[in-house]
Protein chains: 2
Amino acid sequence: MQVSTKFTIAIHVLAATEFFGNEEKVTSKLLASSIGSNPVIIRNIMSDLQKAGLIETKRGPGGISITRPLDQITFYDVYEAVEKNKDQLFNFHENPNPACPVGRNIHAALDDKLDDIQREFEEDLKKHNVAEVVHDLHQEVNAEKQA
Amino acid sequence: MQVSTKFTIAIHVLAATEFFGNEEKVTSKLLASSIGSNPVIIRNIMSDLQKAGLIETKRGPGGISITRPLDQITFYDVYEAVEKNKDQLFNFHENPNPACPVGRNIHAALDDKLDDIQREFEEDLKKHNVAEVVHDLHQEVNAEKQA
DNA sequence: TTTAAATGTAATACTACTTGTTTCATCTGA
DNA sequence: TCAGATGAAACAAGTAGTATTACATTTAAA
């Protein structure tokens with residue numbers, strides 16, 4: 001299993017919007033160019049981010065605006081916004097045999113442990129935020145200038 | 001994204017093998033019945049577990065044997081044995097634009113953070129082992145007897 | 001008020017993965 | 001020897017991820 005590219009693309013979208021926001025109008029076309037993907041892919045992700053309340057978009061000669069400071073947008077916020085099945089990390093086999101003592105009780109013996117792991121994974125995602133990414137981007141760009 | 005059913009099935013296989021191992025011969029057919037799946041699915045998972053050195057299987061009137069105490073088989077050992085792309089939890093978009101300062105540097109700004117999260121997730125998986133599951137199974141079965 | 005430029009969304013296509021099934025070769029303890 | 005088990009190949013169906021085209025809708029600005 002893998003977290004889909006939607007996750008890293010969404011972080012790219014937020015970081016690039018902050019990075020370019022003051023100088024240029026940020027559109028799905030510009031973002032698609034930076035990301036190396038298709039504008040419709042970006043618009044779908046923009047739609048996810050908007051439903052999650054992380055950005056606002058406008059039609060017409062529109063553009064994207066971010067609704068709150070990036071240090072208040074964690075990786076988990078982004079993950080939650082774009083990822084499917086975010087509420088069930090582990091896909092349990094569905095038909096354990098109720099006539100078998102193991103099949104009948106495997107859920108009771110396993111669910112709490114899987115829930116633990118999922119909760120810890122979500123906490124791990126919350127330890128990072130998008131502001132860190134923008135900060136490191138500026139650091140990289142400055143290093144380029146000096147070279 | 002979801003961890004595939006192979007993971008919970010593999011834990012079921014190990015737990016059931018321990019649970020029944022002393023009384024009955026444990027075969028892919030018996031396990032498939034307990035799990036509610038197909039014997040070939042189980043045999044493929046058995047093959048993964050065998051490659052990882054967690055079990056040994058024999059042909060003929062064979063059966064499965066576990067190679068080390070279950071408290072030394074963590075959820076991560078099982079995850080590593082059966083899951084694809086286990087080495088790269090996050091699927092990064094592949095073609096960021098090198099002509100764009102963000103596209104050119106997004107990997108440098110993001111990779112270390114994603115590696116952190118992956119490492120922590122793996123640690124979370126290592127906190128649990130299959131012996132706990134068997135212990136809880138016996139507890140559930142004993143509770144059934146009293147009722 | 002018009003219009004260029006942007007988002008919103010539906011439809012399609014391709015690929016890869018997951019899960020299930022059938023079939024048959026191969027092995028091995030009794 | 002042989003019944004009973006694993007090993008493995010082939011196939012099918014369903015789902016998810018990614019990419020693309022096309023068009024309707026909106027809106028700031030000319």
Side-chain angles (χ1 to χ4, degrees), chain A residues 1-10 12-13 17 20-21 24-33 35-51 54-65 79 82-86 88-97, chain B residues 1-10 12-13 17 20-21 24-33 35-51 54-65 79 82-86 88-97:
Chain A
M1 64 125 186
Q2 280 188 311
V3 178
S4 81
T5 57
K6 289 177 76 173
F7 177 70
T8 57
I9 290 175
H12 192 140
V13 163
T17 301
F20 292 123
E24 315 179 39
K25 187 172 55 179
V26 178
T27 67
S28 66
K29 190 179 170 188
L30 171 74
L31 289 168
S33 163
I35 289 163
S37 181
N38 188 286
V40 176
I41 301 283
I42 309 304
R43 288 207 283 274
N44 284 334
I45 291 171
M46 283 162 59
S47 170
D48 288 339
L49 294 174
Q50 190 167 30
K51 281 173 194 158
L54 303 181
I55 64 172
E56 282 177 357
T57 63
K58 282 183 183 172
R59 288 190 178 186
I64 305 177
S65 56
Y79 173 80
V82 302
E83 201 69 20
K84 286 207 172 178
N85 295 112
K86 54 183 176 289
Q88 202 185 356
L89 179 58
F90 293 95
N91 191 7
F92 213 107
H93 50 291
E94 285 180 351
N95 308 307
N97 188 344
Chain B
M1 65 128 183
Q2 279 189 312
V3 178
S4 81
T5 57
K6 288 176 75 174
F7 176 70
T8 56
I9 290 175
H12 193 139
V13 164
T17 301
F20 292 122
E24 314 181 37
K25 186 172 54 177
V26 177
T27 67
S28 65
K29 190 179 169 189
L30 171 73
L31 289 167
S33 163
I35 288 162
S37 180
N38 189 287
V40 177
I41 301 283
I42 308 304
R43 289 207 283 273
N44 285 335
I45 290 172
M46 283 162 58
S47 171
D48 288 339
L49 294 175
Q50 189 166 31
K51 282 173 193 158
L54 302 182
I55 64 171
E56 283 177 355
T57 62
K58 282 184 184 171
R59 288 190 179 187
I64 306 177
S65 55
Y79 173 81
V82 302
E83 202 70 17
K84 287 208 173 177
N85 297 112
K86 55 183 175 287
Q88 203 187 354
L89 179 57
F90 293 95
N91 192 7
F92 213 107
H93 50 290
E94 286 180 351
N95 308 307
N97 188 345

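First the proteins, then the strands, lettered A, B, ... as listed; each starts at 1.
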Open item on the list: Minimum heavy-atom separation for A:Glu83 and B:Met1, please, with both atom names.
Closed with: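 Heavy-atom minimum between the residues: OE2-N, 3.1 Å.
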TODO: Locate the shortest heavy-atom distance separating A:Arg43 from A:Ser28; write the atom from each residue and the value.
DONE: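 Between these two residues, the closest heavy atoms are NH1-OG, 3.1 Å.
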Task: Comparing A:Lys58 and A:Ser4 on DNA chain D - which has the more 5′ nearest nucleotide - done: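 With A:Lys58 and A:Ser4 compared, the 5'-side residue is A:Ser4.
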Open item on the list: Reading DNA chain D from 5' onward, which residue's closest nucleotide shows up sooner: B:Lys29 or A:Asn85?
Closed with: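 That would be B:Lys29.
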Task: Any A:Thr5 side-chain nitrogen or oxygen under 4.0 Å from OP1 or OP2 of D:dT18 - done: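 Checking D:dT18 against A:Thr5, a side-chain N or O does come within under 4.0 Å of OP1 or OP2.
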What is the distance, rounded to the nearest whole Å, between atom [atom1] of [X] and atom [atom2] of [N]?
{"X": "B:Lys51", "N": "D:dA8", "atom1": "NZ", "atom2": "C1'", "result": "10 Å"}
{"X": "B:Ile35", "N": "C:dT18", "atom1": "CD1", "atom2": "P", "result": "17 Å"}
{"X": "A:Phe7", "N": "D:dT18", "atom1": "CZ", "atom2": "P", "result": "13 Å"}
{"X": "A:Gln2", "N": "D:dT18", "atom1": "CD", "atom2": "P", "result": "9 Å"}
{"X": "A:Asn38", "N": "C:dA6", "atom1": "CG", "atom2": "C1'", "result": "15 Å"}
{"X": "B:Ile45", "N": "C:dG20", "atom1": "CD1", "atom2": "C1'", "result": "12 Å"}
{"X": "A:Lys86", "N": "D:dA16", "atom1": "NZ", "atom2": "P", "result": "13 Å"}
{"X": "A:Gln88", "N": "C:dT18", "atom1": "CD", "atom2": "C1'", "result": "15 Å"}

Could you please name the option among [options] that lies closest to any side-chain atom of [X]?
{"X": "B:Ile41", "options": "C:dT21, D:dT6, D:dT21", "answer": "C:dT21"}
{"X": "A:Asn91", "options": "D:dT18, C:dT19, C:dT7", "answer": "C:dT19"}
{"X": "A:Thr57", "options": "D:dA22, C:dT22, C:dT7", "answer": "C:dT7"}
{"X": "B:Lys25", "options": "C:dA6, D:dG4, D:dA19", "answer": "D:dG4"}
{"X": "B:Arg59", "options": "D:dT18, C:dT7, C:dC27", "answer": "C:dC27"}
{"X": "B:Thr27", "options": "C:dT18, D:dA5, D:dA22", "answer": "D:dA5"}
{"X": "A:Ser28", "options": "D:dT6, C:dT7, D:dT18", "answer": "C:dT7"}

TODO: Dump the intermediate steps for side chain to side chain contact (heavy atoms under 4.5 Å, CB included) on B:His12 and B:Thr8, then the final yes or no.
DONE: CA-CA 6 Å; B:His12 193 139; B:Thr8 56; over 6 Å; no
TODO: Side-chain contact test, heavy atoms from C-beta onward, threshold under 4.5 Å: evaluate it for A:Thr57 versus A:Leu49 and give yes or no.
DONE: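 Side chain of A:Thr57 against side chain of A:Leu49, heavy atoms only: no contact under 4.5 Å found.
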Open item on the list: By nearest heavy atom, map A:Ser47 and A:Gly63 onto DNA chain C; which one lands nearer the 5' end?
Closed with: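 It is A:Gly63, whose closest nucleotide lies nearer the 5' terminus.
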- [ ] For B:Asn44, answer base if it contacts any base atom (sugar-phosphate contacts may also be present), sugar-phosphate if it contacts only those atoms, and nothing otherwise; contact means non-hydrogen atoms under 4.0 Å.
- [x]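 No contact.
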- [ ] Select base, sugar-phosphate, or nothing to describe what A:Gln50 touches, counting heavy atoms under 4.0 Å on all strands.
- [x]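 If one applies the 4.0 Å heavy-atom cut-off, A:Gln50 turns out to touch the sugar-phosphate alone, with no base involved.
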Task: Identified side chain to side chain contact (heavy atoms under 4.5 Å, CB included) partner of B:Ile55 from the options B:Ile45, B:Val26, B:Thr17, B:Ile64 - done: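 Going through B:Ile45, B:Val26, B:Thr17, B:Ile64 one by one, the side chain to side chain contact (heavy atoms under 4.5 Å, CB included) with B:Ile55 is satisfied by B:Ile64 alone.
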Open item on the list: Is it the case that over 12 heavy atoms from other parts of the model lie below 6.0 angstrom from the CD atom of A:Glu24?
Closed with: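 It does: A:Glu24 CD has more than 12 such atoms within range.
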